[in-house]
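Here the structure is a predicted model, which means the values were calculated and not measured. Side-chain atoms are counted along with the backbone in the values below, which use heavy atoms only and exclude waters and symmetry mates. In what follows, chains carry the letters A, B, and so on, assigned in the order in which the sequence lines appear, proteins first and then strands, with residues in each chain numbered from 1.
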Number of protein chains: 2
Amino acid sequence: MKARALSLASLATSALPASFTSSARAVFKRLLAVGQATRPQLCQDLGLSRPTLSAAMTELSRLDYVEVVGQAQGHTGRTASIYRIGKGAGHTIAIDAGSTVIRYRVAYLDGRVLLTGTYALSSGQRHMSAEISRKVDDAVAQSLASCVPDWGPLRAIGVAVPARVTGQSRMVAPGQETWMFGAFTPPSGVPLILENNVNCAAIAEHNYGAAAGRRDFSFIQVGLKIGMGTVLGGEVVRGQNGAAGELGHLPFPWSASDVPQPETLEDYIGADALMARVRADWPDHDPPRDSIDLFRRAGEGDPAALVHVKRHGQDVGRLIAACVAVIDPGFVVLGGGVGSLPVLLPYVREEVGRLSYATEIETSTLGADATLLGIGKLAAAHAQSALIDA
Amino acid sequence: MKARALSLASLATSALPASFTSSARAVFKRLLAVGQATRPQLCQDLGLSRPTLSAAMTELSRLDYVEVVGQAQGHTGRTASIYRIGKGAGHTIAIDAGSTVIRYRVAYLDGRVLLTGTYALSSGQRHMSAEISRKVDDAVAQSLASCVPDWGPLRAIGVAVPARVTGQSRMVAPGQETWMFGAFTPPSGVPLILENNVNCAAIAEHNYGAAAGRRDFSFIQVGLKIGMGTVLGGEVVRGQNGAAGELGHLPFPWSASDVPQPETLEDYIGADALMARVRADWPDHDPPRDSIDLFRRAGEGDPAALVHVKRHGQDVGRLIAACVAVIDPGFVVLGGGVGSLPVLLPYVREEVGRLSYATEIETSTLGADATLLGIGKLAAAHAQSALIDA
DNA sequence: CCGCTTGGTAAAGCTGCAAAACAAACGTCC
DNA sequence: GGACGTTTGTTTTGCAGCTTTACCAAGCGG
């Protein structure tokens, strides 16, 4: 996760039409969360009276923030209209500026997908490069070109980046970092939200994945690099320098005789170092090609592979032990190319059990989509509050 | 900080008289925070109109929650009455059940002290013991005996303990842990609030000390034991098992060849281990008697002492590096018998600078009172919300 | 005494909500 | 097909909590 920081500043958001009553805000929020609902359902869920809800609907309809999509028939009584978020609420663009591919997705604020796409990078980019900037620009251009009136206004663009992100707001002023903005010119007047990619994955786990409904948990990504995203009290912990979860900075090696060196741990736990150790130690002339191969063989019972998987699981467990010692999240989701492999899990659990207090550990089920889902959620959430938290 | 956990449950709180308007709540809160204020000041600070404030005052006066303590004279115009919290709001008892002494303090909710006292323990109690329970009971009995009608009702009892505290609420049902409640029987009907002593010190730093006004920081206590209390977004991070900040559980020793052992770090960084290393390594036959002596000699320039102080500062810096890697608080306050010694600070800063992102580090100025101040604040805050968050 | 300023209260009005009453739509039973 | 019960949606009315406006009270200097 080592990368330079992005310093953030605010950008003028689009002018807002009006202020809403708190009930209208609640209705809008609820519709975003559940997708569709009838008025009686909304009354029930939000504890509002029918007249109040009626007023809220009138308010929201005036700007096309809600629309009717059908009728619900109880087995008796009048039919109820089914409402959802309308075109007036607009849409967002979410971009996962990953190490090997750029994914993008255009969606309404309630998550309905309008357009998705992928750009491959010419080679694995361990660090940000001009090519990423270009592809991000392509993704935005493609989205804008495909835009039709039915989508409503573009409310926010979110970009998940493999870098630290700093600043109070998640918005960035254009032109601050050439690697990001060298070829990418964000459309003016549209809020741009940057977020660290691991934090995005954590947000996705929180909203759609293994950590749904939890107030506190950590998501630990283990692959080529290591990183962590933490949610405490429902809020992402970002850190003063945007460096929360940069586990590569844990003091390592550290003992009575070893002096920790900066950023050593990432190079020790990263997949490259793992495979180097595996190859150096392999008993015959057919070592695993890559970490996937190693874990496959371990799953098939290969003793040499199991030794290294166990060893790696223990090291991951020690990462979690450090996390528990500091914040004791109680629940940890393992993700990333290596971390999400189930073969690793029992060894991780064993080591955490040996070193730490009771902590539930599960592997992620969201796969490679996690980051894109998370930045999408973030962009939608930003758009939502810009619209109704007047 | 290694100690058994306290499992918490709720206790019936005293019946509440009435519900307040939000303006009355705001006025009450404000008076608690600032101590004294005139009506115009409150209008200004809270953005309320004079009629609204008048209504709020009528509400609060009816239960003696506020009282007039004087008149304020501007250089022209009518005099304004000065208000503060009244007897009706009641008082709290705060107890620091420390390792060597038990301190207690009775105070109004706004912090005005009514009574303080100290009981020495017969010997340093590394773990909780029956004697602590007895002294806590003595402290409460003494407070109750001294109580006069002027103090108003007893609203809460807070106890800071050198143990993990778990559970949603800070209240504990009587009779759950014999070491705490073997000889201590809390008065029934009064909420009892338990909190870890390091978290209390952090709360004190947040309200009265070096971290005043900060939303995020960590307080690290270094002495016989090590522990950390963290505030993120103004809220104390307690952890699922109440184990957040148990730095003794950081993986140590950890390197390519060293296997971490449970709770090793506390015994390595604790003052006893430090002095053992100092004595083993001392060049002549006059080693420092204790850590205070060591740091005094270092302050006077003794090269042998400086070597060990520097070494210790580096180790403390590595603790902070671990904390920064996980949550990146941006600001750290050093406290405790060893941690608060200024001689240590430059070495800590140097090591953190070498290993981590920019992090401000200061030493605590609250001294031994920090824990008592913190638990007092917590008890008052609990009483406050019980009174007005109806 | 009068002007001037500031503290405090009483009366009227506004906002956001709910309860009650009313109106409309739908299925069912005779 | 029409009466009836049920559910949805709207109109009316009322209330809580606040602000604005207006007024009275208290202090100071001339």
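In terms of position on DNA chain C, the residue among Tyr83(B) and Thr21(A) whose nearest nucleotide sits closer to the 5' end is Tyr83(B).
The distance between atom CG of Leu53(A) and atom P of dC17(C), rounded to the nearest whole Å, is 10 Å. Rounded to a whole Å, the CZ atom of Phe20(B) is 15 Å from the C1' atom of dG17(D). Remark: C1' of dC29(C) and NE2 of His75(A) are 14 Å apart, rounded to the nearest angstrom. Here dG9(D) presents its C1' atom at 16 Å from CD1 of Ile82(A), a figure rounded to the nearest Å. One interatomic measurement links the two molecules: CD of Gln73(A) to P of dT28(C), which rounds to 9 Å at whole-angstrom precision.
Annotation: side chain to side chain contact (heavy atoms under 4.5 Å, CB included) contacts of Ala244(B) (sequence neighbours excluded): Asp328(A), Val237(B). Evaluation of the salt bridge (Lys or Arg N to Asp or Glu O under 4.0 Å) rule for Asp216(B) yields no partner, not counting sequence neighbours. Legend: residues meeting ring pair (Phe, Tyr, Trp, His ring centres under 6.0 Å) with Phe331(A), ordered by chain and number and at least two apart, are absent. Residues satisfying the ring pair (Phe, Tyr, Trp, His ring centres under 6.0 Å) test with Tyr108(B), not counting sequence neighbours, are none. The side chain to side chain contact (heavy atoms under 4.5 Å, CB included) test applied to Ala26(A) returns Leu46(A), not counting sequence neighbours.
In DNA chain C, runs of at least 3 stacked Watson-Crick or G-U pairs (N1-N3 plus N6-O4 or O6-N4, or N1-O2 plus O6-N3, all under 3.5 Å) give these stems: C:1-30 with D:1-30.
Within the structure, ring pair (Phe, Tyr, Trp, His ring centres under 6.0 Å) pairs that include any residue of residues 23-42 of chain B comprise Phe28(B)-Tyr65(B) (at least two apart or interchain). The stretch residues 84-93 of chain A participates, sequence neighbours left out, in these side chain to side chain donor-acceptor pair (under 3.5 Å) pairs: Glu67(A)-Arg84(A). Residue pairs that meet the salt bridge (Lys or Arg N to Asp or Glu O under 4.0 Å) test with at least one member in residues 30-52 of chain B, sequence neighbours left out, are Arg30(B)-Asp45(B). Here salt bridge (Lys or Arg N to Asp or Glu O under 4.0 Å) pairs that include residues 378-388 of chain B, with residues two or more places apart or in two chains, number zero.
Among the nucleotides dT7(D), dG16(C), dT19(D), the one closest to the side chain of Thr76(A) is dT7(D). Comparing atom distances between the Ser54(B) side chain and each of dG27(D), dT9(C), dG9(D) picks out dT9(C) as nearest. Of the listed nucleotides (dC18(D), dC26(C), dG8(C)), dG8(C) has the atom at the smallest distance from the side chain of Ser81(B). Picking from dT20(D), dG9(D), dT10(D) the nucleotide with the shortest atom distance to the side chain of Ser49(B) gives dT20(D).
Within residues 36-44 of chain A, the residues approaching DNA chain D are Arg39(A), Pro40(A), by heavy-atom distance under 4.0 Å.
Residue Leu48(B) is classed as a sugar-phosphate contact, given heavy-atom separations below 4.0 Å to backbone atoms only.
Between the CG atom in Leu387(A) and the CG atom in Leu109(A) there is a gap of 6.5 Å [rounded to 0.5 Å]. Remark: Leu53(A) CG to Thr58(A) OG1 distance equals 9.5 Å, nearest 0.5 Å.
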Between the protein and nucleotides 20-24 of chain C, list every N/O to N/O distance that falls short of 3.5 Å.
residue	atom	partner	partner atom	Å
dA24(C)	N3	Arg78(A)	NH1	3.2

